[in-house]
**Student:** 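My questions all concern the structure below.
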Amino acid sequence: MNLSQLRSRCKPHQWFQLYWVVYLVWFFWLDLTIKNPKYIIHSPLDDSIPFNEWFVFPYCSWFLLLAGVTALLWWYDTASYDKLCLSMFAGMTFCLIVYMVLPNGLDIRPTAEAVGRSNIAMRIMQLLWSADASVNVCPSIHCQSSACMALAFSSSTLTEKRPGLKVLAWVWAALICASTVFTKQHSIVDVVCGLAVAFVWVPVLYRPHRKNS
């Protein structure tokens with residue numbers, strides 16, 4: 001691929017990434033302004049899920065999944081890349097609107113003293129808790145975007161003859177979703193709502209094409 005071909009490839013698709021500027025400004029503005037959420041999200045199931053600090057590693061692996069899937073689809077399957085951006089960014093926007101209209105938060109995060117353990121995972125968790133307030137949680141953007149990435153990647157041309165890659169994408173996304181509740185970053189309610197926001201796109205973007213008889 002020469003330079004002119006690369007430039008022409010970038011133009012129709014690269015502008016999608018400008019959304020990250022809007023998203024980050026919007027998200028952190030809400031994080032700073034919503035201090036006392038009106039709605040506290042909780043399910044009895046949350047009390048049965050034990051805290052496990054080691055799940056912070058799959059939780060943070062979300063950034064690797066995001067970078068990897070976005071880059072691979074942009075380079076090798078721009079149709080799937082477009083579907084990913086449309087579903088993921090539309091879902092993120094919906095979540096941010098919900099946070100504004102229905103400001104919500106959590107009260108299930110333990111303290112380091114209550115956990116009573118000292119290790120590298122706990123130190124990372126403490127940094128995460130200090131940087132990420134327990135507000136703006138439902139629906140979970142972490143889960144919504146992970147599902148969108150698994151959907152787009154497993155439906156792309158990259159996995160047509162590689163079923164192992166499809167399994168890897170879904171297992172990775174599922175592990176990230178599980179990590180949100182084991183680290184007490186989210187309630188199970190947030191996870192279910194986040195996945196619902198992602199899967200609503202399945203009949204719109206991922207319905208099978210009918211073959212002409």
**Student:** Would you say Met88 ends up clustered with Val200 if hydrophobic residues are merged whenever their side chains have heavy atoms under 4.5 Å apart, either directly or through other cluster members?
**Tutor:**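 No; tracing contacts between hydrophobic side chains, which count when under 4.5 Å, never links both residues.
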**Student:** Which pair of heavy atoms, one from Arg123 and one from Ser118, lies closest together, and at what distance?
**Tutor:**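 Closest heavy-atom pair between Arg123 and Ser118: NH1-OG, 4.0 Å.
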**Student:** If hydrophobic clusters are built from ILVMFWY residues whose side chains come within less than 4.5 Å, do Ile97 and Leu102 share one?
**Tutor:**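 Yes; tracing contacts between hydrophobic side chains, which count when under 4.5 Å, links both residues.
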**Student:** With rounding to the nearest 0.5 Å, note down the distance linking OG in Ser80 to CG in Leu205.
**Tutor:**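 That separation rounds to 10.0 Å.
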**Student:** Out of curiosity, Gln185 CD to Ile108 CD1, how far, rounded to the nearest 0.5 Å?
**Tutor:**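 Those atoms lie 9.0 Å apart.
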**Student:** For Asp190 and Ser187, what are the C-alpha separation, side-chain angles and deciding distance, and is it a side-chain contact (heavy atoms from CB on, under 4.5 Å)?
**Tutor:** CA-CA 5 Å; Asp190 308 337; Ser187 162; 3.7 Å; yes
**Student:** Would you confirm whether Tyr99, through its side chain, and Pro139, through its main-chain N or O, come within 3.5 Å as a donor-acceptor pair?
**Tutor:**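 Yes, because the side chain of Tyr99 sits within donor-acceptor range (under 3.5 Å) of the backbone of Pro139.
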**Student:** On the 0 to 90° scale, with breaks at 30° and 60°, tag the Trp62-His142 ring pair as parallel, tilted or perpendicular.
**Tutor:**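 Because their plane-to-plane angle is under 30°, the rings of Trp62 and His142 count as parallel.
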**Student:** Looking only at the aromatic ring of each residue, does the gap between the centers of Trp129 and Phe51 stay below 6.0 angstrom?
**Tutor:**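 When the ring centroids of Phe51 and Trp129 are compared, they turn out to be within the sub-6.0 Å range.
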**Student:** Would you name the heavy atoms of Leu195 and Cys143 that are closest together and state the gap between them?
**Tutor:**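 Result for this residue pair: CD2-O, 3.9 Å.
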**Student:** Give the minimum heavy-atom separation between Trp54 and Ala121, together with the two atoms involved.
**Tutor:**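 Trp54 and Ala121 have their closest heavy atoms at CE3-CB, 3.5 Å.
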**Student:** With heavy-atom distances below 4.5 Å as the criterion, would you say the side chains of Lys83 and Trp201 are in contact?
**Tutor:**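 No - every pair of side-chain heavy atoms lies 4.5 Å or more apart.
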**Student:** So, taking the atom named CG in Leu73 and the one named CG in Leu158, what distance separates them when rounded to the nearest 0.5 Å?
**Tutor:**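 Reported value, rounded in 0.5 Å steps: 6.0 Å.
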**Student:** Give a yes or no answer on whether the side chain of Thr159 reaches the backbone of Ser154 with a donor-acceptor pair at less than 3.5 Å.
**Tutor:**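 Yes; judged by distance alone, with no hydrogens or angles, the pair exists.
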**Student:** Do Ser155 side-chain atoms and Ala152 backbone N/O form a donor-acceptor pair below 3.5 Å?
**Tutor:**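 No, because the side chain of Ser155 does not come within donor-acceptor range (under 3.5 Å) of the backbone of Ala152.
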**Student:** Do you know which two heavy atoms are closest between Ala173 and Ser146, and how far apart they sit?
**Tutor:**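 Smallest interatomic distance, heavy atoms only, reads CB-O, 3.7 Å.
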**Student:** Evaluate Tyr76 against Ser156 for side chain to side chain donor-acceptor pair (under 3.5 Å), listing each step before the verdict.
**Tutor:** CA-CA 9 Å; Tyr76 293 106; Ser156 71; over 6 Å; no
**Student:** Please check if Ile34 and Val25 belong to a single hydrophobic cluster, counting links between Ile, Leu, Val, Met, Phe, Trp and Tyr side chain heavy atoms closer than 4.5 Å.
**Tutor:**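 No; Val25 is not reachable from Ile34 via cluster members.
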**Student:** Give me the atom names and distance for the closest heavy-atom approach of Ala198 to Leu151.
**Tutor:**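 Closest approach of Ala198 to Leu151, heavy atoms only: O-CD1, 4.1 Å.
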**Student:** Rounded to the nearest 0.5 Å, how far does CZ of Arg109 lie from CG of Leu128?
**Tutor:**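 So the CG of Leu128 and the CZ of Arg109 are separated by 7.0 Å.
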**Student:** Are any of the side-chain heavy atoms of Tyr19 and Thr93 separated by less than 4.5 Å?
**Tutor:**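 Sidechains of Thr93 and Tyr19: in contact.
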**Student:** May I ask you to check whether Phe27 and Tyr23 place their ring centres under 6.0 Å from each other?
**Tutor:**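 Ring-ring flag for Tyr23/Phe27: true, centres closer than 6.0 Å.
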**Student:** One pair to check against side-chain contact (heavy atoms from CB on, under 4.5 Å): Cys148 and Leu84. What are the steps and the verdict?
**Tutor:** CA-CA 6 Å; Cys148 286; Leu84 169 63; 4.2 Å; yes
**Student:** Give a yes or no on this: more than 12 heavy atoms of other residues, nucleotides or ligands lie within 6.0 Å of atom CG of Asn119.
**Tutor:**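 Yes, because the 6.0 Å sphere around CG of Asn119 holds more than 12 heavy atoms from other groups.
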**Student:** When you group the ILVMFWY residues by side-chain heavy-atom contacts below 4.5 Å and let the links chain together, are Phe28 and Met100 in the same group?
**Tutor:**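 Per the 4.5 Å side-chain linkage, Met100 and Phe28 are co-clustered.
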**Student:** Give a yes or no on whether the backbone of Leu64 and the side-chain of Ser61 come within a donor-acceptor separation of less than 3.5 Å.
**Tutor:**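 No: the side chain of Ser61 does not pair with the backbone of Leu64.
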**Student:** For Cys138 and Ile41, work out which heavy atoms get closest and say how close.
**Tutor:**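 Cys138 and Ile41 have their closest heavy atoms at CB-CG1, 3.9 Å.
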**Student:** For the pair Asn104 (side chain) and Val137 (backbone), establish whether a donor and an acceptor sit closer than 3.5 Å, ignoring hydrogens and angles.
**Tutor:**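 Checked: pair present.
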**Student:** Can you hop from Ile176 to Phe55 via hydrophobic side chains spaced under 4.5 Å?
**Tutor:**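 Shared cluster, no.
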**Student:** Hey, does the side chain of Lys184 reach the backbone of Asp46 with a donor-acceptor pair shorter than 3.5 angstrom?
**Tutor:**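 Pair found, side chain donor or acceptor close to backbone of Asp46.
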**Student:** Taking Thr157's backbone N and O only, do any of them form a donor-acceptor pair with Asp77's side chain (distance below 3.5 Å, no angle check)?
**Tutor:**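 Side chain of Asp77 to backbone of Thr157: a pair is present.
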**Student:** What is the distance from atom CG of Asn52 to atom OG1 of Thr183, rounded to the nearest 0.5 Å?
**Tutor:**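 So the CG of Asn52 and the OG1 of Thr183 are separated by 9.5 Å.
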**Student:** Can you tell me how far CG of Leu175 sits from CZ of Phe57, rounded to the nearest 0.5 angstrom?
**Tutor:**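 So the gap between those two atoms works out to 12.5 Å.
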